[in-house]
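To start, the structure itself, in structure tokens.
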Amino acid sequence: MTLPSRQLGSVVEPRRETAVLDEVDVLVLGGGPAGIAAATQAARQGQRTLLVERYGFLGGMGTAAGVTNFCGLHASVHGEIRQVVHGLADELLDRLRALGGLRDPHPLFGGRSAAQAYDNAALKVAADELVTGSGARLLFHALAVGVVMGGPSRIDALLVESKSGRGAVRARSFIDCSGDGDLAAFAGVPFEKGEDGHGMMYPSMMFRVHGVDPVRAGDAWNHFGPLMEKAEQRGYRFSRKSPVIRPQTNPAEWRANVTQLSNADGGPVDGTDVWQLSAAEIDGRAQAVNFVRFLREFAPGFEKAYLLEIAPQVGIRETRRIVGAYQLTEADVLASVSFEDTIGVNGWMVEEHVAGNVSFRFPTVSGGRGFNHLPYRMLLPQGVDNLLVAGRCASMTHGGQSAARVSGGCFVMGQAAGSAAALAHGGGMAARELPVASLQARLASDGAFLGREPTDPLSPPIMTR
């Protein structure tokens, strides 16, 4: 596909006055795991809270991009797989179970980690219940397009566009959980992309198939690699190795994380470039159809499988990462580092999506605790006092983000950001001035696991290596 020039001149828009839609204490942008947790936590601590989401449902990449499984909720702790992300994540899991939309955790990488599948529809409903039950309000179908600054270091309002037109929402504090760091970028916060401005991780188009014979399929996830090699000898072409194909709550339905989306020059699609995204959506759907053809022809148990759903949007792993008071690094993850200002833990390994493949790198201490602390400082952007950033756009290096971007870490960061905003308001201070001990005490009282062994309780193991 030939992409138009990035700029073909310009037009002059007339000056406008923008209506204020709402005034709140805490505005959260983005309804993924970080945004769900941030809005719920802030509202429960007495803040008038509004969560702004561009789609008509919550879940972020987990629903809009069809991820359909939680990663990073569990870690191999001294050789035993345990749940290490608690607090609001527990409540969401309980709601999913009540809806019949949650599978038990399944081990990965020979018992070195685990993931937990869920149904998209159930997550949408469970997230609605959790957020609205806290007293927070939702503004769906609203796309953030800019900010109005109240000074060089303070945001006054977020600007949104919707079917109702343009509007502004004023807030005392803002929490950017957009994934792409949109709000922070609008406010002039410094950020990075990839390792060198171009080396971001590759996106994928997720899809699900139905009609699988689970008995004949068996442990098919252990055999797709050799089957793909056989298919390539007969003319099939695949965009990446290391496919992830696993069953959902219905054993006849399987999710497929197998595609990789690149530009004509072979580099990764930039999720903040609308022309690249447009081309990637088309390419991703074509790759999905090709892979289903492969499954029907080569994979036992998939002979009658059919394409059930292609995700509503491309699954983005990395775009902007803000530069904050501290950047979580790959070395921090691999060494299972501790921080005095811990707000919770990341239990996922480095999972870097590189050209044609996925590179996994695990903590270096064999049989160790298997998680690293996430420091409060990674939520604090440079230059703006009433802004916190949580989720995959928080302050991390490319390598650190390759691990902590998954849903487990996002729940941790979001809950901490919501608490921090509320506590800062209560103390009449900026979030960066907040005594971290008070934040940690609040998180611990709300059931979060801060990773300060042995004082923190850990859930029972779900399996032992």
Side-chain angles (χ1 to χ4, degrees), residues 57 59 61-71 96-97 99-110 114-126 202-261 280-315 353 356-358:
F57 51 85
M61 292 294 99
T63 49
V67 173
T68 60
N69 71 117
F70 295 124
C71 296
L96 284 166
R97 284 191 194 92
L99 291 165
L102 185 69
R103 281 179 67 91
D104 291 334
H106 56 272
L108 299 170
F109 311 110
Q116 192 162 12
Y118 56 82
D119 288 338
N120 263 3
L123 179 56
K124 292 176 182 178
V125 174
Y202 286 76
S204 293
M205 176 64 83
M206 294 285 294
F207 60 94
R208 289 179 290 138
V209 298
H210 206 286
V212 180
D213 181 338
V215 176
R216 294 196 67 244
D219 65 339
W221 52 84
N222 290 322
H223 307 289
F224 285 115
L227 291 175
M228 289 168 65
E229 292 178 4
K230 181 179 179 180
E232 284 179 324
Q233 295 172 4
R234 300 189 189 179
Y236 275 87
R237 293 294 177 265
F238 303 104
S239 60
R240 75 172 231 215
K241 302 182 186 297
S242 304
V244 180
I245 311 172
R246 303 286 299 220
Q248 294 296 104
T249 52
N250 183 336
E253 177 186 328
W254 291 50
R255 70 181 182 275
N257 180 351
V258 299
T259 65
Q260 187 175 93
L261 303 171
E281 297 282 359
I282 298 167
D283 182 24
R285 288 190 280 270
Q287 288 189 34
V289 169
N290 178 65
F291 204 89
V292 173
R293 285 180 50 244
F294 152 74
L295 290 174
R296 290 172 63 96
E297 185 174 350
F298 288 91
F302 287 79
E303 292 87 353
K304 296 182 180 180
Y306 60 91
L307 187 58
L308 176 66
E309 182 189 45
I310 299 175
Q313 77 143 82
V314 167
H353 287 249
N357 211 336
V358 187

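We use all heavy atoms of the structure for the numbers below, so side chains are in, but hydrogens, waters and symmetry mates are not.
- Between Y236 and F294, the ring planes are perpendicular. Angles over 60° get that label, and only those under 30° would be called parallel.
- In this structure, F291 and F238 have perpendicular ring planes: the angle between them is above 60°, well past the 30° mark.
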**Q.** Candidate pair R240 and S204, rule side-chain contact (heavy atoms from CB on, under 4.5 Å), full reasoning
**A.** CA-CA 10 Å; R240 75 172 231 215; S204 293; 3.4 Å; yes
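- Of the N and O atoms on the side chains of Y118 and Q248, not one donor lies less than 3.5 Å from an acceptor on the other residue.
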Q: Show the numbers, then the answer: is there a side-chain contact (heavy atoms from CB on, under 4.5 Å) between M205 and Q260?
A: CA-CA 7 Å; M205 176 64 83; Q260 187 175 93; over 6 Å; no
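- Remark: the backbone N or O of V215 is paired with a side-chain donor or acceptor of D213 at under 3.5 angstrom.
- Between the H210 side chain and the Y306 main chain, no donor and acceptor come within less than 3.5 Å of each other.
- The shortest non-hydrogen separation linking A311 to A64 is CB-O, 3.8 Å.
- Distance CG/L295 to CG/L307: 10.0 Å, rounded to 0.5 Å.
- Side-chain contact between V314 and L261: present, with at least one pair of heavy atoms (C-beta onward) separated by less than 4.5 Å.
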Q: Start with the C-alpha gap between E303 and V212, add the side-chain angles, then the distance that decides, and say whether side-chain contact (heavy atoms from CB on, under 4.5 Å) holds.
A: CA-CA 8 Å; E303 292 87 353; V212 180; over 6 Å; no
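- Summarising the geometry of M228 relative to P243, their closest heavy-atom pair is SD-CG, 3.5 Å, with the distance given to 0.1 Å.
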Q: For E309 and M206, run side-chain contact (heavy atoms from CB on, under 4.5 Å): C-alpha distance rounded to whole Å, both residues' side-chain angles, the deciding distance at 0.1 Å, then the answer.
A: CA-CA 9 Å; E309 182 189 45; M206 294 285 294; over 6 Å; no
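- Just one of T68, D104, D119 meets the side chain to side chain donor-acceptor pair (under 3.5 Å) condition when paired with T249; it is D119.
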**Q.** Derivation and outcome, side-chain hydrogen bond (donor to acceptor under 3.5 Å, both in side chains), residues N250 and R103
**A.** CA-CA 9 Å; N250 183 336; R103 281 179 67 91; over 6 Å; no
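- Nearest heavy atoms, L99 versus A122: CD1-O, 3.5 Å.
- Side chain of S242 to backbone of N357: no donor-acceptor contact under 3.5 angstrom is found.
- Distance check, rounded to the nearest 0.5 Å: CZ of R237 to CD of Q287 gives 13.5 Å.
- The side-chain heavy atoms of P247 and E253, taken from C-beta on, include no pair separated by under 4.5 Å.
- Minimum interatomic distance between A305 and V292 (heavy atoms only, all atoms of both residues): O-CG1, 4.4 Å.
- Ion pair R285/E281 flagged as a salt bridge, since at least one NZ, NE, NH1 or NH2 atom sits closer than 4.0 Å to an Asp/Glu carboxylate oxygen.
- Taking every heavy atom of both residues into account, A220 and F302 meet most closely at CB-CE1, 4.1 Å.
- T63 and N120 share no donor-acceptor pair across their side chains, judged by distance under 3.5 Å alone.
- Here the CD-CZ distance, from E232 to F298, works out to 10.0 Å after rounding to the nearest 0.5 Å.
- Annotation: the span from L123 atom CG to F57 atom CZ amounts to 10.0 Å, rounded to 0.5 Å.
- Taken from CD in Q116 to CG in L102, the straight-line distance is 4.0 Å, to the nearest 0.5 Å.
- Between F207 and L308, the closest side-chain pair of non-hydrogen atoms is not below 4.5 Å.
- N69 contributes atom CG, which lies 3.5 Å from atom CZ of R255 (distance to the nearest 0.5 angstrom).
- Considering only heavy atoms from C-beta on, F70 stays 4.5 Å or farther from P105 through its side chain.
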